[in-house]
Amino acid sequence: MTLIKNMLNRITISVVTAGLLGAVVATTVLRRQKPDAPASPDTHATVHRAVAHDVSGVLSAENYRPSGLEASGDPDDIPHNALAPDPDGVREMADTTIVVAPIVIPKGGEKVEQHRQGSRSAPVLFASFGGLGADFVGPQGNAVMRSPADNSLAVGRDYIVQLVNSRMAIYTKKGALFDTTGKVLYGPVETNNIFKGFGGACESHNNGDAVVRYDQLADRWLVVMPIFTRLPRRPVEPVAPKAGDPANLSQKGQPGQPGKAVELYQPPQAHPTQLPAENPQGRRPGTRPPADSGGYAMCYAVSTTSSPFGPYYRYEFARPLFPDYPRPAIWPDGYYVPTSTGDAVIQKHACVADRARMLKGEDATEQCMIVDNVSFLNNADVDGTQLPPAGAPNIVMATGGTQLRKIFEDDGIYVWKYHVDWNDPSRTTLTGPEKITVAPYHFLCNGQLTNCVPQPGTERRIDSQGDKLMTRLVYRRIGNQESIVGVHSINTALGGGGVRWYEFRLDKARNVSLYQQGTFAPDSLYRWMPSPAMDKYGNIGIGYSFGGKTDFVGQRFAGRLAGDPKGQLTLRETTLVDGEAAQESTLRWEDYTQTAVDPSDDCTIWYVGDYLRKGETRYSTKIGAFRMPGCGGSR
C-alpha cells in the first residue's frame, strides 16, 4: 500500500458473520438515520451457521511448519486505506511532500487539560523485557515483523502471550511455575500455527491483526485472527448483510469435530538467520494463497486449560464483509468482536460469539449487528472477576465525528447496550446510541493515517489513529460500583497531542453517566495511542506512545489513585522505554498499544508498545509491568 498524502480516511467496522460447526450468527441490522447521526436498531437478524470447529493439539514447534509467507492478504482484496497491516513484503514509500494537519482545538476543550505532571510518585516499573521485534530471538529463531505492529498482549497466572500481527510468542511469568519473568518459551511462530490440522482458511492463511486475550473469568486464552483474502466460494456463500435483511441460515460446518487433543511436543531449537533488508520498492519474493470470489473469515481459538500451549478449541466463521481491526472483549455472556469492513461506507459491525459453548468446545453461534454512521466501536472488556449483574447488556462506545466527512470534532461519547439472546436471535437487541456529553475534542491530526507526530532528524511524521476510542474499553466492578474507562488521542492547547480519558459509571438501571474526564498534556510534545486499565482498588493506569520533534518515539505510563481529585493523572509519568531512532519507512505506527491486568494480584498492570533501537530501521517492542500504591505482590 502506498503512502497516503494528506488523506482524511474514514473508517468502517465490519460485522463478523461467524461460524462454528453448526453455529448461528444473528445479525440485527441498524437503519440509517440522518447523515451524521448514528443509526438506531432495526429488529431483523441474520443467522449464520458455523463453518467449522474442532480441538487442536497442544502448541509446539513440532506442529509448526512455516508457510513461507509473512501473512496472507492480497492488496487487491484489502479495501483501499483499510487498517489491515501492509500485505506481505509491501512497504509504504516515503512522501516527497509531507502535508501536516494543523493542531486546533474546539472552544472549551482546554478546560479539562492537565498541563503539569502529577504530584505523586510515579507508578513502579517492577519488571520489563523485550518482546517481538527487530532484536527478538526465540526458540524458533527470528522473523521479519510487519508494519504497523498491532501489539496485543495477554497475561495469565503463569504465562505472558504476545501477538504482533502475524507472529506470536509465549513468555514465562514469575510465580508458581517459573522463577523469572520474560524468558521466551515459544516463538516467533506464525499465528496460524494454532490452527494447524484444522483445515480451511484458518490453517492455510496467516494474517495480521490477530488479537489475544486472557479470559480471567474462566482461566482460558482466546486468540482471534481475521482472514483478509477472499476465499473460494462456499457451497452456501453468506450474503453481505444490509439493513432490513431477513434472517437466513448459512451452510452447516464440517462433520466429526471437535476431534481429540494430542499431547504436548516440546519445541525444537532453531538458530536465528540473517533477516532480509527492507525493500520499500515492492514485495519480497514468494507466493501467497490466491484470492478467489468468496467471502472472508474470522478464526477463533479458545484454550481448554489455563496453559497457552493448548490444546485449543478452534472455530472458523464465514465473513461476507472484510473483517478488519477486530477488538475482542470478554463479557460473561459472550466474546464480543467488532470489526471494520473498509472505507467505501461509514458502517460498523459488532458481533458476539457464544462464550459458554466455546469454552466447552461445543457447537456455538455468533450474532452480529450492523451500525451505520459511527466511528469505530469498542465493547466493554471485563477487568477482574467481579461480574456485572446477571443478564446485564454489554456496553458499546464510540467517539463522535466522521473523518470521511471531514468532521473532526465532537462533544460526545456515544453509547449502545448490546443484549444477546442465545435461544432466540430475534430478541437480540443493540439499543442506542445515547450521547454522553463530554468536553469538546478534536481528533489528533484529524484522525487516522495522517502525517502527525514529528520525529528528530527527519521530515517523516507518523500516524496517531486519532479518530477512535482505543483498545481496551475497560469495565471494572468494585462492590456496587461499576466503572468503564475509555481513552483516545486528541489535539491540545499546547500544540501537541494529549491523552483524553474518561471514567463512566453505571447505575442500577444500567444507565451510563460521565463520572470524570481529563486530557493529559503536560507539555507540547505528543502523547497518543493510549491503552487504559483499572486495578481492583479503582486506580487507573494508562500506557501510551510518547515523542515529538526533540524526542524519538518511546512508551510511557501514568496513573491516578481512586480517591484523588477528579480529572487528574496524579501519579507522575514514568518511562517504559525511550526511543533511540526515527521510523522513516512508513507513517504507520502500531495502530494500537495494549494493557492487561495481572490475574494473580488483580492490580499489576502490564503494557506493551513500540520503539526503535539505535541504528535500527525496524521496530522493537517492550513489555513492562507497573504497580501503583497499594499494589504489593511479588516479582
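Remember, predicted model here, so these are calculated numbers, not experimental data.
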Which residues pass the side-chain hydrogen bond (donor to acceptor under 3.5 Å, both in side chains) test with [X], sequence neighbours left out?
{"X": "T570", "answer": "D564"}
{"X": "T471", "answer": "R213"}
{"X": "E482", "answer": "Y475, R510"}
{"X": "S303", "answer": "none"}

### Message
Under the criterion side chain to side chain donor-acceptor pair (under 3.5 Å), I'd like the reasoning laid out for R505 against S513: C-alpha separation, chi angles, the key distance, then a yes or no.
### Response
CA-CA 5 Å; R505 294 280 176 91; S513 61; over 6 Å; no
### Query
What's the verdict on ring-ring contact (aromatic ring centres under 6.0 Å, His included) for Y312 and F195, showing C-alpha distance, side-chain angles and the deciding distance?
CA-CA 9 Å; Y312 282 86; F195 298 96; 8.4 Å; no
### Task
Taking salt bridge (charged side-chain N to carboxylate O under 4.0 Å, His left out) as the test, write out the residues that go with E590, two or more places apart.
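Partners of E590 by the salt bridge (charged side-chain N to carboxylate O under 4.0 Å, His left out) criterion come out as none, since no residue qualifies.
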### Query
Does D535 have any salt bridge (charged side-chain N to carboxylate O under 4.0 Å, His left out) partners at least two apart in sequence or in another chain, and if so, which?
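In terms of salt bridge (charged side-chain N to carboxylate O under 4.0 Å, His left out), with neighbours along the sequence ignored, D535 is linked to no residue.
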Is there a donor-acceptor contact under 3.5 Å linking the side chains of [X] and [Y]?
{"X": "Y592", "Y": "Q465", "answer": "no"}
{"X": "Y335", "Y": "D354", "answer": "no"}
{"X": "T365", "Y": "Q367", "answer": "no"}
{"X": "N193", "Y": "Y186", "answer": "yes"}

### Query
N379 and L473: side chain to side chain contact (heavy atoms under 4.5 Å, CB included), yes or no, with the steps?
CA-CA 6 Å; N379 292 79; L473 183 67; over 6 Å; no
### Query
Picking from R327, R472, R476, what satisfies side chain to side chain donor-acceptor pair (under 3.5 Å) with D381?
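Option passing the side chain to side chain donor-acceptor pair (under 3.5 Å) with D381: R472.
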### ring-ring contact (aromatic ring centres under 6.0 Å, His included) evaluation trace for Y296 with F228
CA-CA 6 Å; Y296 308 93; F228 292 151; 8.0 Å; no
### Over all atoms of both residues, closest heavy-atom pair of G156 and S600
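Between these two residues, the closest heavy atoms are O-OG, 4.4 Å.
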### Minimal non-hydrogen separation, L217 against R355, with atom names
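The pair with the smallest heavy-atom distance is CB-NH2, 3.3 Å.
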### Query
Does atom CG of D507 have more than 12 heavy-atom neighbours, drawn from other residues, nucleotides or ligands, at distances under 6.0 Å?
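Enclosed: over 12 neighbouring heavy atoms sit under 6.0 Å from CG of D507.
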### Task
Applying side chain to side chain contact (heavy atoms under 4.5 Å, CB included), run through M225 and V212 and close with a yes or a no.
CA-CA 9 Å; M225 184 182 77; V212 60; over 6 Å; no
### Query
Going by the angle between their ring planes, with limits at 30° and 60°, are Y418 and Y336 parallel, tilted or perpendicular?
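Ring orientation, 0 to 90° scale: perpendicular.
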### Message
Parallel, tilted or perpendicular, judged at 30° and 60°: which one describes the rings of F557 and F626?
### Response
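Parallel: the ring planes of F557 and F626 meet at under 30°.
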### K435 with D411: basic N within carboxylate O range, under 4.0 Å
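Salt bridge between K435 and D411, a charged N being under 4.0 Å from a carboxylate O: yes.
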### Aromatic F126 / basic R627 pairing, under 6.0 angstrom, 45° off normal
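Yes, R627 lies over the aromatic ring of F126.
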### Test of ring centre spacing under 6.0 Å for H488 and F443
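Between H488 and F443, the centre distance exceeds or equals 6.0 Å.
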